[in-house]
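Below: one structure, written as structure tokens.
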Amino acid sequence: MLQEETFDVVVVGGGGAGLAAAIEAAESGRRVVLLEKNPQPGGSTSWSIGSVSSSGTPHQRRRGIQDTPADHWADMPGFAGELADRDNHGLRRVLCDEIPGTFQWLLDSGVRFMGPMPEPPHRQPRMHNVLPNSRSFIYHLLRRARRAGVDIRTGLRVNALLQEGGRVVGVRASREGAREPARFLARGGVVLAAGDFTNGPEFKARFMGEQEAKVEGVNVSATGDGQRMGEALGARIVNGDLALGPEIRFIAPATENFMRRLPPWRWLAVTMEWAIDHVPPFILRPLMMKFLTTALAPSTTLFDAGAVLVNRRGERFGDERDRPAWRLPDQPGKVGYIVFDAALAQRFSQWPDFVSTAPGVAYAYVPDYRRNRPDVFTEAPTLEALAQRLGMDATALVHSAAQGGVRALGAGPFVAMGPVRSVFVHSEGGLMVDTQHRVLGANDQVLPGLYAAGSTGQGGLLLKGHGHHLAWAFVSGRRAGRFAAEASGLRA
């Protein structure tokens, strides 16, 4: 027998946007179910660095910073540059006007931040970084969702939207191993909050190109499920060709480091917030490095300075300064190694030449990687010895070093940093929505009963700069959940 249940609001996706939508709808007094295809909620939010950019925060006020949503709105096009004309100015207004209240909502939920940090072209410091790590968002929002009575179902993949009389009235979902799919009906509406399509090859091939389709996403479950279901009803994807990536990143550690394992307890975050303002930097910096050397990408200035990018065989495979991340997926194992000599190792051991950075937070240098990431740091007195330690062809590596990028490599000892791989961090391609987060179909007509939030419902909004994707996830999620809840009241 086909299983069927009825709710006021059905939310698809258990990341930051989906949890925000479910909480807002449930706290409006509605009966809400959240469906997540993975064993645990989290989505791309739990993979993020954890930055939220906002004006009008308590953190700004404590520092005497006077900032407004209008100034935030005016500064954002500076991040978009020549793409600014493609921005959705109305949704940008929604984001900037609503994020101060949503930031306080996050604080009220138990989330804690450090900051704000400067990030030009922001005229004021607006970037706030979560403590102790991005899992804090999911931990606290899950607790709030459960207190609000949200029915959270995991391991359920939503594969179709249900319509009656032109209105979206629910979804069809299936569980692995189940004989028949289940139907979840919604009196008020369905909120699609299923993330982006950074790991959806068919979307990347269509909007970006066949080579981009070979590049994996940081979040392997970001397959564009929401966009696919929306398109099936006539919705359109906006800015599908824009993404952060491909970019080169170090492979993740086999085991999570100390900072990622920290439990997201409120007392711990409060202690860390206090420590950041009061503990000397020389004590805090080693802890920050354990995070930075895990989460961030190597700087392209390494290649500008003369570092060489080789594959597993020790072979160069093109100009390191000409989109190497696009070619990396064609190499054995889709990985490479950044090789440099003693002079470059010394140069990238101190300011102003860093290996990686989180803007406004800290910088990581060669000694930091030597200490914190021995799994991606190999050093040897000669190129032949380096090749032996990495299992490369010594002749190929010596030839690559002599051929060089900007210049031939000089004297040893030599360093290889890697494996590195090519990834997409996030894509900008979301369904077109109006300022009430209703999905728009043919001729930009509202698809009744269907809402979208976060990356799924980005609607042409450009979210360049740190902290805007998460800000939009929480703002749009709360609003979509609220509007869907209000619709359920009208149809009760």
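Ion pair E247/R249 flagged as a salt bridge, since at least one NZ, NE, NH1 or NH2 atom sits closer than 4.0 Å to an Asp/Glu carboxylate oxygen. Between D225 and R157, at least one side-chain nitrogen of the basic residue sits less than 4.0 Å from a carboxylate oxygen of the acidic one, meeting the salt-bridge criterion. A salt bridge between E216 and R421 is present, with a side-chain N of the basic residue lying under 4.0 Å from a carboxylate O of the acidic one. Salt-bridge formation is detected for the pair R144/E27: a Lys NZ or Arg NE/NH1/NH2 atom is positioned less than 4.0 Å from an Asp or Glu carboxylate oxygen. The pair R86-D241 meets the salt-bridge criterion, with a side-chain N (NZ, NE, NH1 or NH2) lying under 4.0 Å from an Asp/Glu carboxylate O. By the 4.0 Å N-to-carboxylate-O rule, E212 lies too far from K204 to be salt-bridged with it.
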- Message: Between I237 and F207, does the side-chain contact (heavy atoms from CB on, under 4.5 Å) criterion hold? Intermediate values first, please.
- Response: CA-CA 10 Å; I237 294 172; F207 289 107; 3.8 Å; yes
- Query: Could you walk me through whether R30 and E24 pass the salt bridge (Lys or Arg N to Asp or Glu O under 4.0 Å) check?
  - Reply: CA-CA 9 Å; R30 302 301 189 263; E24 198 73 15; over 6 Å; no
- Item | Intermediate values then yes/no, side-chain contact (heavy atoms from CB on, under 4.5 Å), R153 and E5 | CA-CA 13 Å; R153 312 279 184 96; E5 297 180 73; 2.9 Å; yes
- Query: Stepwise, does the side-chain contact (heavy atoms from CB on, under 4.5 Å) test hold for V168 with V439?
  - Reply: CA-CA 11 Å; V168 174; V439 177; over 6 Å; no
- Task: Go through the steps to decide whether R479 and E98 satisfy the test salt bridge (Lys or Arg N to Asp or Glu O under 4.0 Å), and finish with yes or no.
- Result: CA-CA 9 Å; R479 286 169 54 84; E98 296 286 337; 3.6 Å; yes
- Task: Go through the steps for R126 and D75 under the test salt bridge (Lys or Arg N to Asp or Glu O under 4.0 Å), then give the verdict.
- Result: CA-CA 11 Å; R126 295 190 179 113; D75 288 350; 2.8 Å; yes
- Task: Step by step, work out the salt bridge (Lys or Arg N to Asp or Glu O under 4.0 Å) result for E231 and R206.
- Result: CA-CA 14 Å; E231 280 195 314; R206 191 201 327 169; 2.9 Å; yes
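S109 contributes atom OG, which lies 13.0 Å from atom OH of Y139 (distance to the nearest 0.5 angstrom). A distance of 11.5 Å separates CZ in R93 from CE in M76, rounded to the nearest 0.5 Å. Residue H469 holds its NE2 atom at 7.5 Å from OG of S427, rounded to the nearest 0.5 Å. Note that CG of L141 is 5.5 Å distant from CG of L19, once rounded to the nearest 0.5 Å. The line from CG of N129 to OG of S134 is 11.0 Å long, rounded to the nearest 0.5 Å. If you take CD on Q227 and CZ on F197, they are separated by 6.0 Å, rounding to the nearest 0.5 Å.
Screening residues 190-202 for side-chain hydrogen bond (donor to acceptor under 3.5 Å, both in side chains), with sequence neighbours left out, gives D196-T198, E202-R228.
Scanning all heavy atoms of the two residues, the minimum distance from M229 to N159 falls at SD-C, 3.7 Å. The minimum heavy-atom distance between G230 and L431, with the atom names listed, is CA-CD1, 4.1 Å. The two residues L156 and A173 make their nearest non-hydrogen contact at CD2-CB, 4.3 Å. Contact record, A26 with V32: N-CG2, 3.6 Å, taken as the closest heavy-atom pair.
Remark: side-chain polar atoms of D8 are paired, donor with acceptor, to backbone N or O of R31 under 3.5 angstrom. With T456 contributing its side chain and A194 its backbone, the two residues share a donor-acceptor pair below 3.5 Å. The backbone N or O of G90 sits less than 3.5 Å from a side-chain atom of N88, completing a donor-acceptor pair. In this structure, N239 contributes its side chain and L242 its backbone to no donor-acceptor pair below 3.5 Å. With hydrogens and angles disregarded, no donor-acceptor distance shorter than 3.5 Å links the side chain of R167 to the backbone of L447. Of the possible donor and acceptor atoms, one in the side chain of S422 sits under 3.5 Å from a partner among the backbone N and O of A325.
Between Q458 and W472, the side chains place no donor N or O within less than 3.5 Å of an acceptor N or O (distance only, hydrogens not considered). In the model, R92 has a side-chain atom that pairs as donor or acceptor with a side-chain atom of H89 under 3.5 Å. Donor-acceptor pairing under 3.5 Å is lacking for the side chains of K37 and S174. Judged by distance alone, the side chains of R135 and S46 never bring a donor and an acceptor atom under 3.5 Å apart.
Taking the ring pair (Phe, Tyr, Trp, His ring centres under 6.0 Å) definition, one finds that F79 meets it with H122, H468, sequence neighbours left out. Listed by chain and residue number, H59, F103 satisfy the ring pair (Phe, Tyr, Trp, His ring centres under 6.0 Å) test with H128 (two or more places apart in sequence, or in another chain). Shown here are the side-chain contact (heavy atoms from CB on, under 4.5 Å) partners of T102, two or more places apart in sequence or in another chain: I99, W105, F474, V475, R478. Taking Y451 as the reference, nothing meets the ring pair (Phe, Tyr, Trp, His ring centres under 6.0 Å) condition, with sequence neighbours excluded. For N38, the side-chain hydrogen bond (donor to acceptor under 3.5 Å, both in side chains) test picks out E36, S221, with sequence neighbours left out.
The number of heavy atoms from other shown groups lying within 6.0 Å of CZ (R143) does not exceed 12.
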